[in-house]
Amino acid sequence: MIYDPTKANPLSGNPLTTRDDLAKAVIDLFKPLLPYFSEGGARVRLGAAGAIFDRAAADLEGFARPLWGIVPLVAGGGHFPHWNLYRSGLANGTNPDHPEYWGDLADRNQRLVELAAVGFALALVPEHIWEPLADNEKKTVSAYLVAARNLEFIDNNWKFFRVLIDLGLERVGVPFDHGKTIAYLDEAEAFDLGEGWYRDGPVRRVDYYIPFAMHFYGLIYAVLARGDEARKERFRARAEIFARDIRHWFGPDGAALAFGRSQTYRFAAGGFWGALAFAGVEALPWAEIKGYYMRHIRWWSALPIADRDGVLSIGYGYPNLLMSESYNSPGSPYWALKFFLPLALPEDHPFWAAEEAPQPEFSEPVALKPAGMVAMHTPGNVVVLSSGQQHDKMRGANEKYSKFVYSTRYAFNIEADDRNFAAASFDGMLGLSDDGVHFRIRQTLEEALISGDRLYSRWRPWNDVSIETWLIPANPWHVRIHRITTPRALSTIEGGFAIERADFNADRSEQAEGRAVWYGQTDVSAIIDLSPSPRVGHAMSPIPNTNLIYAKTVLPQLRGEIAPGTTLLATTAMALPVGESWVMALSNPPVQPELDELERHFRENGERVPAFVLPRRET
């Protein structure tokens with residue numbers, strides 16, 4: 001028998017259509033962790049890979065993160081048979097005299113993140129994790145939590161971790177300084193970008209931390225906090241507006257847009273839909289919200305996201321450390337269990353009672369102005385053009401934030417070797433090299449504008465090289481125009497969408513002047529040059545294990561040289577599932593828009609992308 005890695009996924013075989021199915025999923029996801037609990041219950045070590053924080057903090061992460069699913073399961077009447085592990089683990093982990101002590105606390109320390117889950121548990125199910133503790137154990141636990149909430153948290157979504165700890169302390173009657181709670185809530189609200197969007201701290205980016213952190217925690221606060229009604233209403237109102245935009249980050253099959261950091265949290269991306277239900281915010285009809293929610297978890301159930309023993313792996317569509325962050329330990333993926341928050345609701349809640357509705361059709365591009373994005377719904381996919389975000393402080397950050405285009409069906413590639421220009425993917429990107437070996441891509445921006453459904457950015461791959469890029473939707477195609485001003489000759493490679501490579505390499509490619517196409521078994525990906533001097537088409541086979549979803553991919557590229565001076569490059573690219581209207585689309589590519597008209601349009605109507613603008617802010 002040939003090993004099928006998808007069968008190790010604890011969600012595999014579960015129809016995931018009912019509340020009971022999801023309750024079973026929580027238990028199925030937890031069971032593989034049992035052999036890895038320490039004798040005293042405080043440490044859960046799931047692998048040998050390291051993170052930037054110490055092993056004790058990583059072990060606490062493995063202990064705490066499953067609570068995000070266990071707690072709502074039990075709050076909603078479900079049965080969890082291992083509370084003894086969590087009670088003993090909580091008592092021992094907070095006890096400095098116990099060998100499984102989690103370690104001393106410090107400012108901006110990972111322990112502050114994980115204790116938020118403990119606060120959440122105290123707030124929602126104290127009868128299981130707090131009340132059975134002995135008095136001396138309660139004193140030890142409360143002292144540790146109070147010490148944690150008095151420290152400094154990072155100036156981003158971490159602000160909410162103090163708030164969650166405080167919700168738990170308040171529920172179990174432990175006194176603390178509420179002024180610090182209010183201060184952090186005020187500072188978190190200062191990240192509001194308008195139109196329902198936040199930024200994740202004083203940075204030029206918005207990503208999944210907006211739905212699965214800023215809104216998620218805000219909606220929990222709106223339900224569990226006492227008083228503070230005006231703020232709670234603001235949290236609900238922003239979430240209601242945001243839902244109308246974030247639905248364009250989800251494809252009709254349930255896949256979420258592959259974009260940004262922390263992809264290893266996987267189905268946490270769908271947790272926002274469950275948080276709407278938890279807070280009673282019918283931002284869209286319940287049937288539509290439930291459709292987005294349930295399709296998302298079913299999409300994940302068919303992927304090989306677990307190791308052989310059923311433990312969730314670091315990775316996205318399969319185990320893959322290349323795309324991970326320095327703060328991902330083997331326990332990190334269990335933030336995915338934030339997805340199960342609506343299990344706290346009774347079975348007769350309108351969310352659970354609703355029949356799933358399919359994703360609505362959107363025939364026109366949709367501008368997501370605060371994020372600097374334009375979404376296009378194509379067959380089986382949502383394509384998102386992007387300008388105005390950047391984050392250069394982590395591995396693969398430029399691929400995660402600075403590509404021209406992202407997709408729910410065609411996930412992006414991470415470059416594996418920045419010293420091999422010819423082997424780079426450059427899917428959804430323009431790569432440039434002045435020595436044929438090293439390369440630069442769009443990283444930081446000097447300017448980012450949005451006007452209707454069109455985007456503009458100005459960026460410098462080198463200090464003396466300036467590039468202006470315009471992005472225009474032309475469903476199912478999109479058009480990219482680059483005006484490059486350089487004092488020296490440069491080599492360029494520009495890529496289309498990466499699609500899965502068939503087994504036995506049973507794909508067919510076409511490459512010619514100004515054109516390249518890959519005909520895969522499930523999808524077709526094409527790129528066509530619209531430039532005055534066409535580049536050469538190239539059928540690229542990237543380095544394996546560089547794509548988020550597929551271990552092996554292919555993609556079409558355009559390759560060429562540009563001389564010193566100013567050069568105009570224009571490109572159109574698209575990908576479609578086989579069996580759809582790809583034949584007609586391939587025979588009818590868009591033409592290059594008039595650049596003078598584009599420039600005039602942005603002079604008259606262009607607005608700076610809100611996510612790109614960093615406001616002055618006192619903390």
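Since the model is a prediction, treat every value here as computed from it, not as a measurement. Atoms considered below: every heavy atom in the structure, side chains included; atoms not considered: hydrogens, waters and symmetry mates.
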- request: Report yes if the side chains of V374 and R454 come closer than 4.5 Å at any heavy-atom pair, otherwise no.
  value: no
message: Filter on side-chain hydrogen bond (donor to acceptor under 3.5 Å, both in side chains), then keep only pairs touching residues 364-375, sequence neighbours left out; what's left?
response: K369-E607
field: All side chain to side chain donor-acceptor pair (under 3.5 Å) counterparts of W470, not counting sequence neighbours
entry: none
Side chain to side chain donor-acceptor pair (under 3.5 Å) against Y550, all qualifying residues, sequence neighbours excluded: none
Distance-only donor-acceptor check, side chains T572 and H478, under 3.5 Å: no
task: Test the K403-F412 pair against the cation-pi criterion, namely NZ or CZ under 6.0 angstrom from the six-membered ring centroid and within 45° of the ring axis.
output: no
- line: Between P252 and N381 the two heavy atoms that sit nearest each other are CD-N, 3.7 Å
field: Residues in salt bridge (charged side-chain N to carboxylate O under 4.0 Å, His left out) contact with E494, at least two apart in sequence or another chain
entry: R480, R535
- prompt: So, for W249 and L368, which heavy atoms are closest and what is the spacing to 0.1 Å?
  reply: NE1-CD1, 3.7 Å
query: side-chain hydrogen bond (donor to acceptor under 3.5 Å, both in side chains) between T485 and T566: does it pass, once the steps are laid out?
result: CA-CA 4 Å; T485 302; T566 297; 3.2 Å; yes
field: K400: salt bridge (charged side-chain N to carboxylate O under 4.0 Å, His left out) partners, not counting sequence neighbours
entry: E325
task: Output all residues satisfying side chain to side chain donor-acceptor pair (under 3.5 Å) with D434, sequence neighbours left out; order by chain, then residue number.
output: R488
- prompt: Excluding sequence neighbours, so at least two apart, what forms salt bridge (charged side-chain N to carboxylate O under 4.0 Å, His left out) with R395?
  reply: none
query: How far apart are the closest heavy atoms of P564 and A489, and which atoms are they?
result: CG-N, 3.7 Å
message: Tell me whether the rings of Y208 and F250 are parallel (<30°), tilted (30 to 60°) or perpendicular (>60°).
response: perpendicular
field: Residues in salt bridge (charged side-chain N to carboxylate O under 4.0 Å, His left out) contact with E561, at least two apart in sequence or another chain
entry: none
- line: Tightest non-hydrogen contact, residues E500 and D507, listed as O-OD1, 4.2 Å
message: Checking F439 now: which residues fulfil ring-ring contact (aromatic ring centres under 6.0 Å, His included) with it, not counting sequence neighbours?
response: F426
- prompt: Of all residues at least two apart in sequence or in a different chain, which pass the side chain to side chain donor-acceptor pair (under 3.5 Å) check with R236?
  reply: none
- request: Drop me the distance from N413's CG to E415's CD, to the nearest 0.5 angstrom.
  value: 7.0 Å
- prompt: For residues S541 and R501, is any side-chain donor paired with an opposing acceptor at under 3.5 Å?
  reply: yes
field: salt bridge (Lys or Arg N to Asp or Glu O under 4.0 Å) pairs, two or more places apart, involving residues 257-267
entry: D200-R261, D207-R261
message: Is the positively charged end of R199 above the ring of F191, judged by distance under 6.0 angstrom from the centroid and angle within 45° of the axis?
response: no
task: List the steps and the verdict of ring pair (Phe, Tyr, Trp, His ring centres under 6.0 Å) for Y184 and F153.
output: CA-CA 9 Å; Y184 265 22; F153 292 65; 5.7 Å; yes
- prompt: Centroid-to-centroid, W273 to F339, below 6.0 Å?
  reply: no
message: Just checking Y519 against W582, ring centres under 6.0 Å apart?
response: yes
query: Judged by modelled atom types alone, do Y410 and D523 share a side-chain donor-acceptor pair under 3.5 Å?
result: yes
query: Do W459 and T469 have side-chain atoms, one donor and one acceptor, less than 3.5 Å apart?
result: yes
query: More than 12 heavy atoms of other residues, nucleotides or ligands under 6.0 Å from CD of E361: is that the case?
result: no
task: Could you pull out the closest heavy-atom pair between S457 and R442, with the gap in Å?
output: OG-NH1, 2.9 Å
- prompt: Do you know which of Y209, F235, F242 makes ring pair (Phe, Tyr, Trp, His ring centres under 6.0 Å) with H215?
  reply: F242
query: So, for I527 and G495, which heavy atoms are closest and what is the spacing to 0.1 Å?
result: CD1-C, 3.7 Å
message: Show every ring pair (Phe, Tyr, Trp, His ring centres under 6.0 Å) that has at least one partner inside residues 358-404, sequence neighbours left out.
response: H248-F362, H248-H377, F259-Y401, F362-H377, H391-Y401, F404-H482
